[in-house]
Number of protein chains: 2
Amino acid sequence: MSGKENSRERLIKTASRLFQLQGYHATGLNQITKESGAPKGSLYYHFPDGKEQLAIESVQLTTAFVSKQIEEGLNKSTDPIEAIQLFIKDMAERFERESCTVGIPIAAVALETSLISEPLRASCQSAYQKFQSAFTEKLIQSGYEEKHAMELGIVINSMIEGAFLISFTMGKSEPLLLVAKQIPSLLK
Amino acid sequence: MSGKENSRERLIKTASRLFQLQGYHATGLNQITKESGAPKGSLYYHFPDGKEQLAIESVQLTTAFVSKQIEEGLNKSTDPIEAIQLFIKDMAERFERESCTVGIPIAAVALETSLISEPLRASCQSAYQKFQSAFTEKLIQSGYEEKHAMELGIVINSMIEGAFLISFTMGKSEPLLLVAKQIPSLLK
DNA sequence: GTCTATAATCTGATAGAC
DNA sequence: GTCTATCAGATTATAGAC
C-alpha cells in the first residue's frame, strides 16, 4: 500500500545473501544495514521482532528462489535421471563459477539455529520439504510409485545438501559431480 | 612432561562438544571455560592463538573420535553393503537416543569458518577426507576397483553428512534411515 | 600454571527527535 | 518512514599479581 517498499526488500535480500554466506551468528545487523544501504533505524520498523524475524523472512526468500531453480532445472529433460543429473551439474558449475560468493542455501542457518529458535527451525524444515517435494514430484510424473518417489526425494535432497557442504569445505565441486554421476544407480 | 595436562584436555573436550552443538560463532570462550571448569586465565596459556587454535584442535579431536567410530562400525560385517548400512543405522539410533545433545560432527564449524580461516578450513577438509577414506578402504578390501571405491567413498560421506543435516533440522532420523536403505542400490 | 581485572570492540535492541 | 545516539551485554584478548 505504502509508497516504496524498497528499503524492506533490500534488507531481506542483503540478509539472505549474508546469512547463507557467513551464517546466522557471524552476520551482524550492522553489516546488513550497512551493505543494504538501508538506514539502520528502519530495520526495527520493518522487522519489529528483530534479527529472528529478518532471518525467517530471509530463509523464506531463499526457499522460493531455490525451489524455482530446482523446478526449472528439472524441466530441462523429461527423463528424471537426466534431469536430476543436469540440475546437479548446473549447481556444480555455478559453484565453481561464483566460487564462494553464494554459500549453501539454508544449511548454515539451519545448523546454527535449529536448537535455539523453534520458528527459525520450522522455516528451515519447510525449506527442505519444498526441495524434496520438487524431486519427488518429478519422479511421480515419470511413473515412480508414490512412496518410493517420496523416499528417493528425501535421499536425493540429502545427497545434494551434503555434497554442497563437502564441496564448500574442500573448495572444489568434485563431490557434487560425483553425486550426479551416481544418480543412475540410485534411480534404476 | 609437566604434571597434569588435565585443564588443557578438559578445555578441548568441552570446546569440541559445544562447537559441534552450537557452531563456532555462537560458542563463546567464556562458556567454554565455565563449562569445562578450567580457569579462564589458563585458556590463553594453553592456546596462545586463542579461539582459532582451540577450534582447530577441537576439530582434530572430533575427527579422531568419529573416524574410530566409522572404522569400528564398518568392522561389524564383512559385507560392505551390510556394514555401511549398520553404521548409518547406528548413527540414526544414537541420534534419536541422544536427541540433539551431540550435534553434527564438523559441519557447523566447516560452514561457518571455511571462508574466514584457512587453517580451520583445512582442518575440516582433512576431517572429511579421513571419513571418506574409511569408506573407500572398506570397499577396496571388498574387491571394488580403486577409482570406483574412491568415488563411492566421497558420495557415501556426502549422503551421510547431508542426511545428518536434514535429520537435525527435521528433528527426526528418517533421512538417515532412508539413506541407509538406498545403500544397496548405490553399491551394486 | 592459575586467577582476576580489564581493555577494546562488537552485538542486538531501544528511545526519541525529525 | 528515517536517522542518530545510546544502552546493556556479549565477545576476544591482554596485563599482571599470585
Side-chain angles (χ1 to χ4, degrees), chain A residues 1-19 21-59 108-109 112-113 115-121 123, chain B residues 1-59 108-109 112-113 115-120 123:
Chain A
M1 286 310 170
S2 66
K4 46 183 172 187
E5 285 257 56
N6 220 336
S7 179
R8 191 178 206 278
E9 286 276 323
R10 267 181 302 164
L11 278 169
I12 295 192
K13 281 185 185 170
T14 305
S16 201
R17 178 172 52 81
L18 291 176
F19 281 143
L21 202 55
Q22 310 176 336
Y24 183 79
H25 289 101
T27 303
L29 261 25
N30 288 332
Q31 189 186 9
I32 294 174
T33 50
K34 194 174 171 185
E35 290 199 20
S36 76
K40 165 148 193 187
S42 72
L43 194 149
Y44 281 91
Y45 172 80
H46 291 296
F47 305 92
D49 288 341
K51 191 178 189 180
E52 188 183 42
Q53 183 185 357
L54 181 57
I56 290 175
E57 301 207 30
S58 297
V59 168
V109 176
E112 285 183 80
T113 66
L115 292 183
I116 59 172
S117 163
E118 174 52 27
L120 207 32
R121 186 205 64 79
S123 297
Chain B
M1 287 310 169
S2 65
K4 48 182 172 186
E5 286 257 56
N6 219 336
S7 177
R8 191 177 205 278
E9 286 275 324
R10 266 181 302 164
L11 279 168
I12 296 192
K13 281 186 183 169
T14 305
S16 202
R17 178 172 53 83
L18 292 175
F19 282 143
Q20 281 178 62
L21 202 56
Q22 310 176 334
Y24 183 79
H25 288 100
T27 303
L29 261 25
N30 289 332
Q31 188 186 10
I32 295 174
T33 49
K34 194 174 171 186
E35 291 200 18
S36 75
K40 166 147 194 188
S42 72
L43 194 149
Y44 280 91
Y45 170 80
H46 292 295
F47 305 93
D49 287 342
K51 192 178 188 179
E52 189 183 40
Q53 183 185 356
L54 182 57
I56 291 175
E57 301 208 29
S58 297
V59 167
V109 175
E112 286 183 79
T113 66
L115 292 182
I116 59 172
S117 163
E118 175 51 27
L120 208 31
S123 297

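In what follows, chains carry the letters A, B, and so on, assigned in the order in which the sequence lines appear, proteins first and then strands, with residues in each chain numbered from 1. It should be emphasised that the depicted structure is a prediction, and the values quoted were computed from it without experimental measurement.
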Indicate yes or no: at least one non-hydrogen side-chain atom of B:T33 is less than 4.5 angstrom from one of B:P39.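 No, too far: nothing below the 4.5 Å cut-off.
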Quick one: [X] [atom1] to [N] [atom2], roughly how many Å, whole number?
X     : N     : atom1 : atom2 : answer
A:L11 : D:dG1 : CG    : C1'   : 12 Å
B:K34 : C:dT4 : NZ    : P     : 14 Å
A:H46 : D:dG1 : NE2   : P     : 6 Å
A:N6  : D:dT2 : CG    : C1'   : 14 Å

Got a second to check how far A:R10's CZ is from A:E35's CD, nearest 0.5 Å? 13.0 Å
Value for CG (A:L43) from CD (A:Q53), rounded to nearest 0.5 Å, stands at 9.0 Å
Each nucleotide of nucleotides 11-18 of chain D classed B (base within 4.0 Å of a protein heavy atom), S (only sugar-phosphate) or -, in 5' to 3' order, makes BBBB----
What are the two closest heavy atoms between B:G23 and B:E112, and how far apart are they? CA-OE2, 3.1 Å
As a test of understanding, state which of A:V109, A:T14, A:V59 forms a side-chain contact (heavy atoms from CB on, under 4.5 Å) with A:F19.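 Only one of A:V109, A:T14, A:V59 forms a side-chain contact (heavy atoms from CB on, under 4.5 Å) with A:F19, namely A:V109.
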For B:E57 and B:R8, what are the C-alpha separation, side-chain angles and deciding distance, and is it a salt bridge (Lys or Arg N to Asp or Glu O under 4.0 Å)? CA-CA 11 Å; B:E57 301 208 29; B:R8 191 177 205 278; 3.0 Å; yes
